[in-house]
Protein chains: 2
Amino acid sequence: MATRHAKEPGKQPARQDAKAKLLEAALATIRTKGYAATSVDELCAAAGVTKGAFFHHFKSKEALGVAAADHWSQTTAEMFAAAPYHDHADPLARVLAYVAFRKALLKGGVPEFTCLVGTMVQEVHETSPAIRDACDRSISTHAKTLEADIEAAIAARKMKPDWSAASLALHTQAVLQGSFILAKAKGGAEAAADSIDHLIRYIELLFGATPR
Amino acid sequence: MATRHAKEPGKQPARQDAKAKLLEAALATIRTKGYAATSVDELCAAAGVTKGAFFHHFKSKEALGVAAADHWSQTTAEMFAAAPYHDHADPLARVLAYVAFRKALLKGGVPEFTCLVGTMVQEVHETSPAIRDACDRSISTHAKTLEADIEAAIAARKMKPDWSAASLALHTQAVLQGSFILAKAKGGAEAAADSIDHLIRYIELLFGATPR
DNA sequence: GAAGTTACATACCAACCAGTCGGTATGTCG
DNA sequence: CGACATACCGACTGGTTGGTATGTAACTTC
């Protein structure tokens, strides 16, 4: 029985460590194998904690799914907020730079660049309203961050389009999610990159810019 | 080949019935709950057969997944081959009518209009190469059926685009798959329809037609 | 420094999972 | 007819599942 009470900072595993490690393990594992095929035991093993810790922090596997989606929303929001595409003066340039940025993210293995909530919502949309809503929130909130720039680009050109900024913002997400499916089917990012190029071309044409 | 015909009408359940019923049950159930969350027992119950019948026709659950993807490829291919969008004289009109046809298919509940192979490949891309390949075949073969019309539309306008007919064909599938994810996240087809409208607008702009 | 709370660990369970196996009913073919 | 194959049945198995009950060490508060 080893009693150690080392009080120095950064020694033993921090107290709230298990929850964070479980969420990180959930992101990686669910993106690779999907939600249903990921077991609680597996998550615990990947996180290096026990099942007691899991059910202490999450009242069920479904609650972990919701928390994982929320965690995903938060970390991706921070990442996009800090991304350089906001730096352009012209709003259309910012929108195009955003899409180009998304294309540039297609690096590494398929599970590393695909979307957690897109994967999860496909599986649980009929069986877990809580997870579905969390995924919807993640996608819709992110799309919302594009609306102001799209709106400004419309206004700057005095356009009166028969489509809304909101629908174009959601369309960008549809193309990205669809491109991830192509990447998964083909085992590589090439087709996904081509599809994103088509999206860039569409936005250029929509706003009357010269397509490359 | 082996012509197996019932001798008299009004007989007992046909002999090859179980396999077909299992495949139909697989399409419905997997589209609703996903592949991993669908158990063999559940499939058997939905098809009204026993587990003995299941493992007689499919050597494993994974084999059923492959067969379901192939069955999906076949039935959808027949359905699209018989669809009216081929009737237009102009190849671009055929392409646009195809996309409009896909939009018109967004009827009923979400599991009824979404795509089996898009759902499955998201889950199993890293864990079941056999199913992933079957899903890739389904998507890529279907996309291929659009290439000739796109190519003809390019040639008719003497265009020299920096994108290929193949990539545009795959892009249509990406948009459709992405729109299904939006539909699943939002629990309805509206956002999916809007996204398909953007795809129609893109193709019109690409080929210099007047956008509506 | 006792009391209470939080953050884990250990041990366990009933339900469920994919897959097996011996058996039967119903063909086909010679 | 008999020999053999195919189609299907349903009980069974061993391992896994999500979830629980209980214990305990560490931190917080007074």
Side-chain angles (χ1 to χ4, degrees), chain A residues 1-26 29-30 33-68 120 123-124 127-128 130-131, chain B residues 1-8 10-26 29-30 33-68 123-124 127-128 130-131:
Chain A
M1 177 175 180
T3 38
R4 37 211 176 112
H5 20 14
K7 282 185 182 171
E8 283 97 323
K11 286 239 120 182
Q12 268 123 315
R15 276 201 106 205
Q16 263 286 53
D17 216 29
K19 186 171 187 177
K21 283 163 100 171
L22 279 166
L23 284 172
E24 280 310 303
T29 311
I30 296 176
K33 315 186 25 173
Y35 172 78
T38 297
S39 74
V40 172
D41 281 318
E42 196 177 356
L43 246 25
C44 293
V49 304
T50 61
K51 255 168 119 164
F54 184 100
F55 285 100
H56 172 72
H57 290 289
F58 309 102
K59 78 171 213 294
S60 66
K61 187 190 175 188
E62 186 181 27
L64 177 275
V66 173
M120 274 206 294
E123 291 185 62
V124 305
T127 46
S128 172
I131 298 180
Chain B
M1 288 316 182
T3 45
R4 178 206 319 282
H5 286 130
K7 313 166 291 185
E8 308 278 325
K11 296 232 73 174
Q12 267 110 312
R15 279 201 103 206
Q16 264 286 51
D17 217 30
K19 186 171 186 176
K21 284 163 98 171
L22 279 166
L23 284 172
E24 282 309 306
T29 310
I30 296 176
K33 316 186 23 171
Y35 171 78
T38 298
S39 75
V40 172
D41 279 317
E42 198 177 355
L43 245 25
C44 294
V49 304
T50 60
K51 247 169 142 169
F54 184 100
F55 285 100
H56 172 71
H57 290 290
F58 309 102
K59 78 170 214 297
S60 65
K61 187 190 175 186
E62 185 181 27
L64 178 274
V66 173
E123 291 186 61
V124 303
T127 46
S128 171
I131 297 181

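Below, chain A is the first sequence line, B the second, and so on; all start at residue 1.
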Calculate the interatomic distance between A/Lys21 atom NZ and C/dC8 atom C1'; express it in whole Å.
12 Å
C/dA9 phosphate, OP1 or OP2: any side-chain N/O from A/His56 under 4.0 angstrom?
no
Grab the NZ-C1' distance between B/Lys19 and D/dT6 for me, whole Å please.
12 Å
Heavy-atom donor-acceptor pair, B/Glu42 side chain to B/Ser39 backbone, under 3.5 Å:
yes
Separation of B/His57 atom NE2 from D/dC9 atom C1', in whole Å?
12 Å
Just the rounded figure in Å: distance from C1' of C/dA18 to CG of B/Leu43.
12 Å
Return yes if some donor-acceptor pair links the side-chain N/O of B/Glu123 with the main-chain N/O of B/Ala36 below 3.5 Å, else return no.
yes
Check the distance between D/dG19's P and A/Leu22's CG and give it to me in whole angstrom.
14 Å
Between A/Gly52 and A/Glu42, which has a closest nucleotide on DNA chain D that is more 5'?
A/Glu42
Measure the distance from CG on B/Asp17 to C1' on D/dT6 and round it to the nearest whole Å.
15 Å
DNA chain D: A/Phe55 or A/Asp41, which has the more 5' nearest nucleotide?
A/Asp41
Determine whether B/Ile131 and B/Tyr35 make a side-chain contact, defined as any pair of heavy atoms from C-beta on separated by less than 4.5 Å.
yes
Output yes when a side-chain donor or acceptor of A/Lys61 lies under 3.5 Å from a complementary backbone atom of A/Thr38, and no otherwise.
yes
Of the listed C/dG19, C/dA7, D/dG19, the closest approach to the A/Lys51 side chain comes from D/dG19
Phosphate OP1/OP2 of C/dC17 contacted by B/Ser39 side-chain N/O (<4.0 Å)
yes
Please determine whether a side-chain nitrogen or oxygen atom of A/Lys61 lies at a distance below 4.0 Å from atom OP1 or OP2 of D/dG18.
yes
In this structure, how many angstroms lie between the P atom of C/dC16 and the NZ atom of B/Lys33, rounded?
11 Å
Please state how far atom CD in B/Glu62 lies from atom C1' in C/dC17, giving the value in whole angstrom units.
16 Å
